[in-house]
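My questions all concern the structure below.
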Amino acid sequence: MIHLFKLDPRAPLVLDTRELGRRPGSQHQVSRSVPAPADLGIEVLRVPEGSPVELDLRLEAVMEGVLVTGTARAGLEGECVRCLGTIDDEIEVDLQELFVYDDLATDPDEDDETSKLQDDLVDLEPLLRDAVVLALPFQPLCQPDCPGLCPECGARLADDPDHGHQEQIDPRWAALAQLDQTD
Ligand SMILES: [Zn+2]
Ligand SMILES: [Zn+2]
């Protein structure tokens with residue numbers, strides 16, 4: 001894969017590995033809060049763009065590149081697929097990826113999926129995106145046993161657990177009941 005763009009070393013999701021000096025075994029700890037990129041998640045559940053993503057990472061130089069391991073934590077916003085209620089949640093994902101030096105002679109048969117360093121910079125965004133999307137449920141719920149909506153009137157049953165329509169009153173009796181009340 002040919003990268004037509006150049007990584008910006010000041011971009012929030014770009015990590016500079018130069019201080020590791022390509023010495024296998026040297027390590028560097030990175031803890032930073034970065035604004036979430038757009039479209040981080042799935043349609044019904046995502047990390048709101050610009051909200052903080054807390055990164056806690058260790059960069060470790062190995063022979064062929066830099067190993068990135070750690071976690072990312074962020075807030076989630078979405079919609080329950082059963083009751084359409086708002087979901088306000090948090091996510092923590094594990095990140096682990098080996099970024100190979102881009103100037104190493106590579107095996108032409110090597111698959112293009114290998115993550116590469118570019119000028120000793122790591123682009124974390126694809127890694128973060130994959131980890132978050134994989135960790136999200138396809139059918140997010142506001143609570144594990146969300147009862148959904150009332151099929152009769154569309155009321156949100158979680159707000160009204162005793163909700164029911166079994167006591168439907170015959171309109172004629174309803175008229176009498178009203179007379180009763182005015183007594
Ligand atoms: Zn729900
Ligand atoms: Zn109802």
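All ligand and atom numbering here is 1-based and tracks the order in the structure. Here the structure is a predicted model, which is why all the values come from computation and not from measurement.
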The complete set of salt bridge (Lys or Arg N to Asp or Glu O under 4.0 Å) pairs with one or both residues in residues 77-88, sequence neighbours excluded, reads none
Does the pair R32/D56 count as a salt bridge with the N-to-O cut at 4.0 Å? no
Which of L55, V122, D123 passes side-chain contact (heavy atoms from CB on, under 4.5 Å) with L15? It is V122
*Looking just at side-chain N and O atoms, do D94 and T71 make a donor-acceptor pair shorter than 3.5 Å?*
no
Listed as residue and atom, the protein N/O/S atoms under 2.8 Å from the Zn ion (ligand 1) are C80 SG, C83 SG, C142 SG, C146 SG
Keeping the roles fixed (side chain from D119, backbone from L121), state whether a donor-acceptor pair exists under 3.5 Å. no
Between E97 and S115, is there a side-chain donor-acceptor contact under 3.5 Å, judged purely by atom types and distance? yes
task = Look only at the side chain of T69 and the backbone of Q96, and say whether a donor-acceptor pair between them is shorter than 3.5 Å.
result = no
Notebook entry, point to check: If you measure from the Lys or Arg side-chain nitrogens to the Asp or Glu carboxylate oxygens, is any gap between D120 and R22 under 4.0 Å?
Noted result: yes
The number of protein N, O or S atoms lying under 2.8 Å from the Zn ion (ligand 2) is 4
Residues at least two apart in sequence or cross-chain that pass side chain to side chain donor-acceptor pair (under 3.5 Å) with R156, listed by chain then number, are D159
